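Each remark here refers to the structure printed beneath this line.
Letters A, B, ... are given to chains in the order of the sequence lines, protein chains preceding strands, and every chain is numbered from 1. The analysis underlying the following values was restricted to heavy atoms, covering all of them including side chains, and did not include hydrogens, waters or symmetry mates. Worth saying up front: this structure is predicted, and the values here are computed from it rather than measured.
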Amino acid sequence: MNRGRIILFASLAALAMAEPALAQPKKPVAAKPAAAAARAPVVLKPRGSKEEAGPVLAYAGATVHLGNGEVIDDATVVIANGKIQQIGKGLAAPGGATLMPAKGMVITPGLVDALTSIGLIEVELESSTRSDQQRATNDMDHAGYRAADGYNPASVLIPVARSEGLTSVGVMPRGGLISGQSAWVDLDGATAAEAIAAAPLALHVHLDGDAPGDGAGHGTAILKVREAFDDARTFQKSRGAWERNQTRQFAPSRLDLESLASALDGKLPVVFHVDRAADILAALGIAREFKLRPVIAGGAEAWKVAPELAAAKVPVFVFPLQQPSSFDAVGAREDNAAILDKAGVAVGISTGETHNARKLRQVAGNAVRSGLPYEAALASITRVPAEALGMGARYGTLAVGKVASFVVWSGDPLELSTQVLDVVIRGHRLPLKSRQSALLEKYRRLPR
Amino acid sequence: MKRASLFALVLAAGCGAAATPTPLVPRESPRPILPPPPWQARVSEAEGYEMKPTAPPPAIVIRGATLMLGTGRTIAKGTIILDKGKIAVVAEGDLPAPAGAVVIDGTGKFITPGLIDTHSHLGVYPMPAVSAHDDGNEMTDPVTPQVQTVDAFWPQDPSIERAVAGGVTAIQVLPGSGNLIGGRAVTLKLRPGLSPREMHVSGAADGLKMACGENPKRTYGSAKRAPMTRMGNVAGQRAAFLKAKKLQEQWARWREQESTRIEADSKKRALWESRRDERVQRAAWCKANEEPDPCESWRRKWAETPNDEPQPSEPIATPDRDPGTETLVGALEGRVLVHVHCYRADDMLAMIALSDEMGFRIRSFHHALEAYKIRDRLAARQIAVSTWADWWGFKMEAFDGIPENAALVHESGGRTIIHSDSEEGIQRLNQEASKALTSGRRAGIALTDDDAIRWVTMNPAWALGVDHRMGSLEPGKDADVVMWTRSPLSVYALAERVWIDGYPVYERGKPHWSDFELGQTIESPVPPPVPALLGGPGGAR
């Protein structure tokens with residue numbers, strides 16, 4: 001039996017005067033029974049605007065992993081107006097703050113899976129529920145496609161991911177050689193505009209040789225991607241001539257060219273989805289050729305070229321459960337992350353999944369099992385994704401002034417027996433409820 | 001007997017008894033009981049080819065480890081002895097090692113039974129996934145009970161040794177779920193072999209893979225073929241089982257008719273024998289008693305009606321061989337265990353209704369994401385539930401999956417099994433069980449660590465019909481044993497050593513055994529030794 005969470009919640013509720021229960025954030029409805037409150041209608045409330053006010057909360061007594069490798073025992077984290085105000089050992093809660101006793105608990109930055117399609121895919125096999133891919137197009141270059149346009153903030157996947165400690169995700173388009181532009185989404189907000197913290201976040205390019213149709217094949221993929229960036233460079237330089245119809249034909253369409261051009265000269269990270277060592281080096285070559293800011297995703301064989309990646313200071317997102325499931329990934333090994341980290345590469349970890357992005361901490365735990373240092377694993381799902389995608393100034397670590405998105409855990413966040421106790425996104429405590437918890441509640445006792 | 005009695009009669013006659021011999025009564029010819037056809041007697045198509053060890057494995061003693069028995073019990077610090085391929089002793093405390101035994105210090109380690117995966121496509125959908133390797137779904141017809149995974153399993157699949165490295169020692173290899181009836185599944189132990197037949201768990205019955213819901217109707221409906229709907233799904237399965245029932249009846253009729261024929265033949269023969277013996281006896285009597293009446297009329301009658309030896313009649317042809325339908329007959333008769341891929345509660349209830357109608361038993365539902373909605377009924381019918389810890393949402397019928405499913409089924413007295421259906425998931429069945437345990441506890445369900453172990457050991461052993469010899473650490477059971485670096489419920493736990501039938505099959509850090517992986521990647525950054533010709537050992541330095 002594990003009644004830990006209930007007991008902790010009860011004590012927290014008793015101590016935190018304005019907080020009826022952890023599962024019922026924000027609203028000071030102390031007298032209302034929790035079950036009744038849970039059935040209250042959902043009201044769409046704008047959240048996440050920069051000026052918004054947020055509660056002043058002081059989480060006291062927890063072991064806090066800042067995400068940068070530093071760990072503070074018995075620390076207090078004070079948040080206000082959606083930002084982290086103070087962090088330190090034995091800090092006194094400021095006047096007016098609601099005290100959140102967190103002794104014995106662990107606080108980490110909110111987890112980030114940078115490579116999901118949450119909000120774009122509701123049911124994978126039902127195309128009518130998917131906005132993860134540009135359709136009605138015959139070519140393989142979807143550079144202009146924007147994940148932000150398809151993001152559905154009402155997706156039932158969002159609360160599921162949140163309940164396992166994810167607070168932000170990279171929402172990326174799929175399909176084609178160049179899939180389009182991703183967005184950084186905080187897993188809260190009634191509208192896409194509220195939820196999206198940054199878009200475009202990165203441009204996504206696939207050199208993994210499994211693109212369908214004529215784009216298939218490693219050599220073809222490299223050729224087509226180079227052609228697209230080359231055209232974009234010319235397009236950028238001769239925009240006026242192009243508008244007067246005085247340039248040669250370009251392979252990509254106008255919107256694709258605009259998007260590609262926005263990534264030239266390192267202005268936007270370009271995430272190369274690539275597994276084979278040879279293709280990783282090809283991606284680095286393309287990045288040099290067009291002065292791109294590359295990020296490697298997948299990287300099943302990245303360990304083979306770890307020194308090159310370290311020298312080029314290219315972050316790598318790995319899937320630690322990657323199998324040698326294709327000839328591209330035939331050199332996949334479970335200590336990929338560990339080898340890269342040791343070589344000095346910034347290692348991010350992703351599940352590569354959408355519905356089960358919630359497995360992120362388990363996946364990172366597996367990387368630790370295979371030799372990745374613990375704090376590096378925590379960083380791989382907090383700080384590294386933020387920094388690799390240009391969001392490091394506001395996200396990824398717990399530091400004064402940063403966005404207050406973090407998670408309170410019952411113990412080691414990477415361990416399977418650990419439970420999420422509290423999720424804070426942009427300074428707001430969010431209920432650990434989802435369509436799944438509603439199903440559980442309904443069927444906890446069987447009818448009849 | 002026949003000759004002896006005749007001799008006795010002749011002797012009696014020769015002794016001068018004057019009484020007229022009485023007519024002989026034909027001997028009784030009981031109705032024969034026909035043996036089942038040989039194909040019916042085999043539990044598996046793989047039976048008979050299992051690897052026979054050339055030398056018995058050495059006795060192994062592991063002391064000081066925590067033993068999670070798979071029975072619901074844990075011994076905090078115990079001794080386990082493996083001998084002659086079986087578990088010999090499981091006990092608390094330190095026990096002396098038998099002479100010649102290999103002694104292993106298990107201090108700080110955890111020992112569990114080898115994990116068993118009821119739902120695997122290893123070998124039929126191997127790594128790397130290339131079109132040449134797609135051997136798991138015979139999607140040329142929605143009903144293909146005639147195909148069997150044992151004919152396709154590639155024993156060099158690199159996934160196999162990776163599964164063993166995750167503590168898995170036995171799997172059921174199923175055909176895919178593209179078909180309504182996908183074919184025969186086979187239960188294998190994951191010891192290196194050159195053929196799946198060598199890996200077969202001898203005596204383990206084959207499984208039958210069926211599927212309901214979206215997959216078959218998508219596979220065929222998109223090609224404008226039946227089934228296109230759930231209606232078509234069940235209709236197709238019903239038609240297949242009706243055919244099986246017909247074959248079952250044909251065999252019953254054949255047995256009836258063939259028995260009648262054999263009985264008639266033997267009656268004719270008995271009559272002939274009795275007439276023959278009677279004539280011999282009377283002829284002897286006539287001779288011994290100087291031809292009294294009615295010898296002459298007898299002889300006349302014998303000449304008029306000669307007693308010809310009857311020829312055996314032609315055997316009645318058996319029903320035509322039809323391995324697919326025979327497999328379904330096996331399912332109807334409980335010789336083949338039925339495993340049904342189903343997600344939704346209503347789909348499962350439809351399959352249960354079909355099984356009632358046709359007269360087969362469902363051994364387990366696989367995936368069964370909505371099992372929690374009907375867990376009481378599944379428990380009452382003793383239908384096991386093979387599911388994941390948290391997969392959901394990838395298709396409509398998986399939309400209601402919840403992470404408490406496994407724990408809720410357990411709570412209601414059902415047999416929970418955590419399966420993989422994945423070459424990656426099979427390497428972490430222990431972690432998946434642990435997650436399902438945590439989810440259950442979060443929902444307030446009373447669960448022990450041992451319960452989670454049973455979800456990947458004893459319960460799958462039951463679903464595969466091998467629980468009498470696998471699935472727990474009990475004396476007499478197969479020595480399929482895993483030593484973990486720490487509690488297998490921890491994300492950090494690694495299987496350190498694995499034994500199957502008492503043989504060491506895996507030790508962390510040892511090279512791969514799959515031929516495919518040979519030479520794929522030069523893993524060592526250490527330069528090779530300098531060959532002698534270039535001044536290596538033996539040459540100039």
Side-chain angles (χ1 to χ4, degrees), chain A residues 1-6 121-126 129 156-157 160 164 301 304 321-334 353-356 358-359 361-366 368-370 412 414-420 434-444 446-448, chain B residues 127-130 158-159 162 165 214 218 370 372-376 389-405 408 412 422-425 427-428 430-435 437-447 485 489-494 516-517 520-521 523:
Chain A
M1 272 305 294
N2 191 329
R3 295 207 174 79
R5 183 174 157 223
I6 299 159
I121 302 177
E122 201 68 1
V123 179
E124 204 129 4
L125 288 185
E126 295 298 336
T129 74
V156 301
L157 282 75
V160 169
E164 280 291 329
E301 295 189 341
K304 289 186 178 180
L321 311 184
Q322 171 78 51
Q323 303 297 312
S325 48
S326 70
F327 270 89
D328 277 14
V330 87
R333 45 189 289 172
E334 57 188 25
E353 298 200 30
T354 291
H355 286 84
N356 269 347
R358 63 177 169 190
K359 282 171 64 175
R361 61 198 187 98
Q362 179 195 7
V363 170
N366 275 272
V368 173
R369 187 179 84 149
S370 301
D412 171 4
L414 305 189
E415 188 51 285
L416 304 166
S417 56
T418 300
Q419 298 183 5
V420 174
S434 65
R435 186 168 176 279
Q436 295 195 346
S437 67
L439 279 163
L440 170 66
E441 201 175 319
K442 177 172 176 186
Y443 285 95
R444 185 64 190 88
L446 287 176
R448 284 173 302 133
Chain B
M127 300 195 292
V130 290
S159 320
R162 284 171 166 77
E214 291 181 27
R218 184 188 316 110
E370 294 186 14
Y372 66 95
K373 297 182 183 178
I374 52 168
R375 56 194 191 269
D376 50 343
D390 52 16
W391 288 24
W392 75 288
F394 43 94
K395 51 180 164 174
M396 209 52 225
E397 61 192 3
F399 204 55
D400 282 8
I402 63 173
E404 295 82 4
N405 190 35
L408 287 169
S412 290
S422 152
E423 72 275 10
E424 179 266 300
Q427 301 170 28
R428 273 164 278 278
N430 56 313
Q431 294 180 18
E432 299 305 304
S434 183
K435 280 193 293 183
L437 176 74
T438 300
S439 298
R441 286 173 169 167
R442 192 179 52 207
I445 299 167
L447 296 164
T485 53
L489 300 178
S490 166
V491 74
Y492 307 118
L494 286 161
F516 176 77
E517 300 220 70
Q520 281 287 0
T521 292
E523 295 196 358

Pairwise side-chain contact, B:Glu404 with A:Arg444, heavy-atom cut-off 4.5 Å (strictly under): no
Residue A:Lys359 versus chain B: region with a heavy atom under 4.5 Å: side chain
Side chains of B:Pro403 and A:Gln436 in contact at under 4.5 Å (non-hydrogen atoms): yes
Exercise: do B:Tyr492 and A:Asp412 side chains pair donor with acceptor under 3.5 Å: yes
Derivation of the salt bridge (charged side-chain N to carboxylate O under 4.0 Å, His left out) call for B:Arg442 and A:Glu164: CA-CA 12 Å; B:Arg442 192 179 52 207; A:Glu164 280 291 329; 3.4 Å; yes
Backbone of B:Val491 reached by a side-chain donor or acceptor of A:Glu415 within 3.5 Å: yes
Contacting region of A:Ser325 [heavy-atom separation from chain B under 4.5 Å]: both
A:Val156 vs B:Phe399 side-chain heavy atoms within contact, under 4.5 Å: yes
Short side-chain to backbone donor-acceptor contact, A:Arg358 and B:Asp390, under 3.5 Å: yes
Region of A:Ala332 that comes under 4.5 Å of a non-hydrogen atom in chain B: backbone
Contact leader toward chain B among A:Glu124, A:Glu122, A:His355, where contacts are heavy-atom pairs under 4.5 Å: A:His355
Test item: A:Leu446 and B:Tyr372 side chains (from C-beta on) under 4.5 Å apart, heavy atoms: no
Any donor-acceptor N or O pair under 3.5 Å, side chains B:Gln427, A:Glu334: no
Check: B:Glu424 side chain, A:Gln322 main-chain N or O, donor-acceptor pair, under 3.5 Å: no
Among the listed options B:Gly425, B:Gly393, B:Gly440, the residue most often paired with chain A at heavy-atom distances under 4.5 Å: B:Gly393
Heavy-atom pair count under 4.5 Å with chain B, highest-scoring of A:Leu416, A:Ile121, A:Leu414: A:Leu416
Largest heavy-atom contact set with chain A, pairs under 4.5 Å, which of B:Glu423, B:Lys435, B:Arg428: B:Arg428
Among B:Leu437, B:Val130, B:Asp400, residue most engaged with chain A (heavy-atom pairs, under 4.5 Å): B:Asp400
Among the listed options B:Arg375, B:Glu214, B:Arg162, the residue most often paired with chain A at heavy-atom distances under 4.5 Å: B:Arg375
Derivation and outcome, side chain to side chain contact (heavy atoms under 4.5 Å, CB included), residues B:Phe394 and A:Asn356: CA-CA 9 Å; B:Phe394 43 94; A:Asn356 269 347; over 6 Å; no
Test item: B:Arg441 side-chain N/O and A:Ser417 main-chain N/O as donor-acceptor pair under 3.5 Å: no
Heavy-atom pair count under 4.5 Å with chain B, highest-scoring of A:Val160, A:Thr354, A:Leu125, A:Thr418: A:Leu125
Side chain, backbone, both or neither of B:Gln431 within contact of chain A (heavy atoms, under 4.5 Å): both
Interatomic distance, B:Trp391 atom CH2 to A:Glu353 atom CD [nearest 0.5 angstrom]: 8.0 Å
Euclidean distance, A:Leu439 CG relative to B:Ile402 CD1, rounded to 0.5 Å: 6.0 Å
Residue B:Leu489 versus chain A: region with a heavy atom under 4.5 Å: backbone
Segment of B:Ala493 engaging chain A (4.5 angstrom heavy-atom cut-off): backbone
Lys/Arg N to Asp/Glu carboxylate O, B:Glu517 vs A:Arg333, below 4.0 Å: no
Min side-chain heavy-atom separation A:Leu157-B:Trp392 under 4.5 Å: yes
Heavy-atom side-chain proximity of B:Glu432 to A:Gln362 below 4.5 angstrom: yes
Polar side chain donor-acceptor pair, B:Thr438 to A:Gln419, under 3.5 angstrom: no
